[in-house]
Amino acid sequence: MKKFTTDSGIEIQRVYSLYKGEVGEPGKFPFTRGVHSEMYRSKLWTMRQYAGFSTAEESNKRYHYLLSQGVSGLSVAFDLPTQIGYDSDHALAEGEVGKVGVAIDSLEDMEVLFQGIKLEDVSTSMTINSTAYILLSLYIALAKKQGADLKKISGTIQNDILKEYAARGTYIYPPKPSMKIITDIFEYCNTEVPKWNTISISGYHIREAGSTAVQEIAFTLSNGKAYCLAAQKKGLDINKFGQRLSFFFNAHNNFFEEVAKFRAARRMWAKITTDLGATDAKAQMLRFHTQTGGSTLTAQQPKNNISRVTLQALAAVLGGTQSLHTNGYDEALSLPTEEAAKVALRTQQIIGYESGVTETVDPLAGSYFIETLTDQIEEAAWKYIQRIDEMGGSVAAIEQGFMQNEIARASYTFQQAVESKGKIIVGVNQFIDKEGIPTGLLRIDDSIRKIQSDKLAKLRAKRDNEKVKESLKNIQEAGREEKNIMPFVIEAVENYATLGEIADSLREIYGEYQG
């Protein structure tokens, strides 16, 4: 008889006829069934579309278009130089400016990026990690220029450096100073920007690197635990900063495993935070954003991706996500076109308004299969977390290469299954058509670098460079003296110091991580 398993290798029985565990109630500890008692009956998830490319001007046009089409939150993609702390005119930025996201070099770019958009009226998610402290400072400086009440602005910075070391690679500084910067952000936002989610602990990129669903939540929750311990070591109260932690997960095609994964993750985080001393329910809740799986998209027969994205988005909704981004069908080939972005958004809206799945809370609860699979995923994930704890926690596990090796092994196993046709990918290794390269793809040319470099030259000529030098010196002093760097970084961006200059000021004292 053929053996059936989930993508994490959990064996699937022919039929499920019994479940003896407790299912619990939505909105109540341990939140297996959802973090709110009414879930989507009272309010749908935030419908975001991840967008950013070329210049701030071009991205601003896309944001206005998406807002006009009904998105309820913006999600900003930054180019690689911005992500790793280089200005667009830096030698290492050549060939990358504006390619995988928008180029942001200074407060001038941020002003253009959000032109015509009141920051008090929109929730903004920014996928940024090693330079998250700079991008948040730019956002705060812009909000102040708009006259916004900082107590009212809301959004999220990804700000998850541990997964960069483990799976993605856009780090700058070594782990210890990186963790110090992150806890500085926790501390600053706790009083100054209380509605801001100070970190989005990301399993998304762990999964994109090739992990299983079990590894995704195990490594992500272990990283979350490490951030909590670092914040507590700084003297912060988990019942306060814990309310501003959020998570970012992937949704892949193995439908029931994905639903069960989200339910298991909520239950596990409630237990982890309780063990760390959290008593406030809001500090025990795992709130998360989901993005459909970029690595599941195929360049072959790209319109098949609409079906994949629909399946993944539905799994996220049935799993209880608070926020959702759906990928464009053409993203295996290029940045999404306007048409692909609209189809992706409409997919969410059809699920939300036409499918009926939002009208009862946790509609798959009580399914023998879902409840058993939720337990099995949790059990397997706890085993990983126990091993990581025995190594000394996430930082130690990453430094020893444990997470990286486990992800690589899972990725290799999956690829072997695809090549042997043990795993069928429609249009790739089965049901193949002869087809040409689609037309009308969105392409970014290298002229963007010159545009950004010219802007930088004009900015440096007209700003008060003495004030910039003083601001950068203050950041370095704060870094050396273990002061909170955030007020000094905000001062620097308000003086129009560039992202690269600020990142370099800390490179000089912290060095760069050689992974």
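Because only heavy atoms are used, hydrogens play no part in the values below, and waters and symmetry mates are left out as well, while side chains stay in.
Take Phe414 and apply the ring pair (Phe, Tyr, Trp, His ring centres under 6.0 Å) test, not counting sequence neighbours, and it matches no residue. When the ring pair (Phe, Tyr, Trp, His ring centres under 6.0 Å) test is applied to Phe241, the partners found at least two apart in sequence or on another chain are Phe186.
Residue-environment remark: OH (Tyr16) exceeds the threshold of 12 foreign heavy atoms within 6.0 Å. No more than 12 heavy atoms of other residues, nucleotides or ligands shown are found within 6.0 angstrom of CD on Glu94. Summarising the local packing, OH of Tyr368 is surrounded by 12 or fewer heavy atoms from other residues, nucleotides or ligands at distances under 6.0 Å. No more than 12 heavy atoms of other residues, nucleotides or ligands sit less than 6.0 Å from atom NZ of Lys240.
A salt bridge (charged side-chain N to carboxylate O under 4.0 Å, His left out) check over residues 242-251, counting only residues at least two apart or in different chains, returns nothing. Residues in residues 421-431 take part in these side chain to side chain donor-acceptor pair (under 3.5 Å) pairs, two or more places apart or across chains: Asp7-Lys423. Listed by first then second residue, pairs satisfying salt bridge (charged side-chain N to carboxylate O under 4.0 Å, His left out) with a partner in residues 211-234 read Asp184-Lys234, Arg207-Glu216, Glu216-Lys261, Lys225-Asp389, not counting sequence neighbours.
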- request: Would you check, one step at a time, whether the test salt bridge (Lys or Arg N to Asp or Glu O under 4.0 Å) holds for Glu378 with Arg263?
  value: CA-CA 9 Å; Glu378 180 178 0; Arg263 299 171 88 251; over 6 Å; no

Begin with the C-alpha distance, continue with both residues' side-chain angles, and end with the deciding distance and a verdict on side chain to side chain contact (heavy atoms under 4.5 Å, CB included) for Asp79 and Ile448. CA-CA 11 Å; Asp79 71 358; Ile448 304 304; over 6 Å; no

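No donor-acceptor contact under 3.5 angstrom links the side chains of Gln215 and Arg409, judged on distance only. No hydrogens or angles considered: nothing links the side chains of Thr292 and Thr326 as a donor-acceptor pair under 3.5 Å. No side-chain donor-acceptor contact under 3.5 Å links Tyr86 and Glu96.
Ser8 contributes a side-chain N or O that, together with a main-chain N or O of Ala213, makes up a donor-acceptor pair within less than 3.5 Å. Panel note: side chain Asn305, backbone Thr298; a donor-acceptor pair is recorded below 3.5 Å.
Contact between Val309 and Asn327 at its shortest, heavy atoms only, is CG2-O, 3.6 Å.
Between Tyr133 and Tyr173, the two ring planes are tilted [angle within 30° to 60°].
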N/O donor-acceptor pairs under 3.5 Å from side chains in residues 245-253, not counting sequence neighbours:
{"unit_1": "Ser246", "atom_1": "OG", "unit_2": "Ile199", "atom_2": "O", "d": "3.1"}
{"unit_1": "Asn250", "atom_1": "OD1", "unit_2": "His252", "atom_2": "NE2", "d": "3.4"}
{"unit_1": "Asn250", "atom_1": "OD1", "unit_2": "Gly293", "atom_2": "N", "d": "3.4"}
{"unit_1": "Asn250", "atom_1": "ND2", "unit_2": "Tyr204", "atom_2": "O", "d": "3.2"}
{"unit_1": "Asn250", "atom_1": "ND2", "unit_2": "Glu208", "atom_2": "OE2", "d": "2.9"}
{"unit_1": "Asn253", "atom_1": "OD1", "unit_2": "Gln312", "atom_2": "NE2", "d": "2.6"}

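For the ring-ring contact (aromatic ring centres under 6.0 Å, His included) criterion with Tyr165, the lone passing option out of Phe402, Tyr171, Phe219 is Tyr171.
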